[in-house]
Amino acid sequence: MTARSPAPAPPARSAAGPGLTRRRLLGTGLAGAGALLAAGALSGCASPASASDASALKVWDLFQGGDGLLMDEMIEAVAGGDRGFDVDRTILDWGPSYYTKLAMSAAGGRAPDVAVLHLSRLAGYAPGGLLAPFDLDLLAEFGVTQEDFTPAVWARTRYDGTVYAIPLDIHPFIVFYDKDAAGTAGLLDSSGELAPMGSPQALLDAGRALAAATGHAGIVFGHVNDPAQNWRLFAALYAQTGAAFTLPDGGPAGLDTDAAIRVVSFLRQLFDGRTNPDNLDYYAGLTMFSSGRGGMAMLGEWELPTLRKSGIPLGAAPFPQVFDRPAVYTDSHSFVLPHQDDPDPARRREAHRYVAEIIKQSLTWASAGHIPAYQPVLAQPEYAALTPQSSYADAGKAAVLDPPNWFTGAGSNFQSRMCQPLQSALLGHTTPEKAVRRMVREADALLRQPDPVA
């Protein structure tokens with residue numbers, strides 16, 4: 001699910017009968033989505049939700065590979081018993097095709113009962129009437145309330161004062177580190193965890209110390225030709241300066257250019273091409289770290305299952321604070337209620353109950369590295385025993401998501417267009433000043449485009 005193409009899902013399993021689940025994998029490529037859009041009225045588009053037993057709760061998500069198996073396990077945990085769910089789960093390909101298909105089904109009023117949406121994408125769906133709001137009283141009846149979520153994430157569940165999304169997780173951009181190398185470099189505290197940095201110079205010094213400890217690279221970061229990596233790194237550090245990045249409808253973009261240049265200039269120092277490589281793509285960075293040729297890696301927490309297989313003594317921590325305040329770039333898989341023309345109140349009630357029960361199962365979800373958004377799970381001793389997950393659980397408290405607008409969020413063109421000038425700067429092809437000016441131009445160009453679902 002996340003930034004990288006997911007592994008193929010296992011073959012679909014199906015079962016009939018109350019309390020059991022059906023599972024289908026549906027690939028919807030960009031070409032196919034474009035053809036559907038060109039075919040005519042959105043209201044005429046058939047959806048997978050209309051193709052099976054009408055009594056089952058229709059659920060769409062984008063979880064394949066290991067995440068898909070974990071979601072199977074969570075659904076099976078809530079499907080049993082006298083009050084279990086009959087769930088018809090459809091898994092679609094991660095990426096723009098998923099969001100095209102979801103928008104089409106909601107615009108046509110033939111959407112599933114529940115769908116997964118990256119929280120950073122909410123601003124492109126709620127304003128256009130593509131989502132129904134959650135009934136917070138009904139959720140409270142099933143044991144889930146606003147107080148169960150960290151404010152930094154809950155604040156992004158609302159549009160115009162109304163809640164349209166319930167977070168399942170927080171998946172932050174963090175640092176993984178080789179504990180042996182970090183110990184040799186003197187970067188661990190008395191408990192054996194990564195000590196705070198506190199300044200840009202401290203992170204530069206850490207990179208040099210880690211390079212000396214490994215005999216290779218200090219900090220690795222794969223970004224070349226990746227549509228999101230540079231943005232994640234920039235957004236975290238820019239937020240640490242205390243500056244805001246706003247995207248008001250119609251423009252202009254609100255970017256503090258001095259703060260942005262400060263961040264890009266620092267990144268040029270950090271990834272100098274000697275102590276820390278500046279020209280790695282995503283897989284090269286992942287491979288370099290997992291093979292012991294780097295002391296620290298800047299990655300999403302979703303890489304935890306892969307890194308565990310490497311055999312290195314693995315540690316993890318929230319993204320280090322080096323500027324004025326803590327901030328960690330993140331996103332959140334959230335549940336939404338896509339628009340239906342004539343929703344059945346009983347099914348809508350079951351959809352609320354389903355969301356509440358799945359969220360309570362998020363200790364299972366945490367095994368892959370994701371931070372449960374539901375705080376009572378974080379308080380369980382079983383979560384505290386998860387390593388290294390519990391080491392970066394506080395990342396959710398300083399969560400920073402994309403600035404809200406219809407064109408931002410996971411897998412968006414916005415992230416890609418922000419990454420291009422940042423990549424040029426890190427590769428030494430342009431100056432920080434020119435990179436930041438281009439970022440502003442790109443943001444202003446997007447703000448001039450009309451919202452297609454407004």
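We use all heavy atoms of the structure for the numbers below, so side chains are in, but hydrogens, waters and symmetry mates are not. Values in this document were obtained by computation on a predicted structure and should not be read as measured data.
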With under 30° as parallel and over 60° as perpendicular, where do the rings of Trp231 and Tyr329 fit, or are they tilted in between?
perpendicular
Side chains of Gln340 and Asp113 only: does a donor on one sit below 3.5 Å from an acceptor on the other?
yes
Among Asp61, Asp67, Asp169, side-chain hydrogen bond (donor to acceptor under 3.5 Å, both in side chains) partner for His333
Asp169
Examine distances only and state if a side-chain atom of [X] and a backbone atom of [Y] form a donor-acceptor pair shorter than 3.5 Å.
| X | Y | value |
| --- | --- | --- |
| Arg348 | Phe134 | no |
| Asp444 | Ala253 | yes |
| Gln229 | Gly222 | yes |
| Gln240 | Ala327 | yes |

Hey, are the side chains of [X] and [Y] touching, using non-hydrogen atoms and a 4.5 Å cut-off?
| X | Y | result |
| --- | --- | --- |
| Phe289 | Leu314 | yes |
| Met418 | Phe234 | no |
| Ile166 | Thr157 | no |
| Leu168 | Met71 | yes |

Between Glu357 and Lys360, does any side-chain N to carboxylate O distance fall below 4.0 Å?
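The answer is yes: the pair qualifies as a salt bridge.
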If you measure from the Lys or Arg side-chain nitrogens to the Asp or Glu carboxylate oxygens, is any gap between Lys101 and Asp93 under 4.0 Å?
no
Roughly how far apart are Arg437 CZ and Thr257 OG1, rounded to 0.5 Å?
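Reported to 0.5 Å precision, the distance equals 9.5 Å.
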Could you tell me the separation between the CG atom of Asp402 and the CZ atom of Arg121, rounded to the nearest 0.5 Å?
9.5 Å
Scan for salt bridge (charged side-chain N to carboxylate O under 4.0 Å, His left out) pairs involving residues 132-141, sequence neighbours excluded, and state none if there are none.
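Residue pairs passing salt bridge (charged side-chain N to carboxylate O under 4.0 Å, His left out), neighbours aside: Glu141-Arg349.
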With a 6.0 Å cut-off on ring centres, are Trp60 and Tyr98 close enough?
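Ring-ring flag for Trp60/Tyr98: false, centres at least 6.0 Å apart.
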Check: Trp365 ring centroid to His171 ring centroid under 6.0 Å:
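No: the rings miss the under 6.0 Å criterion.
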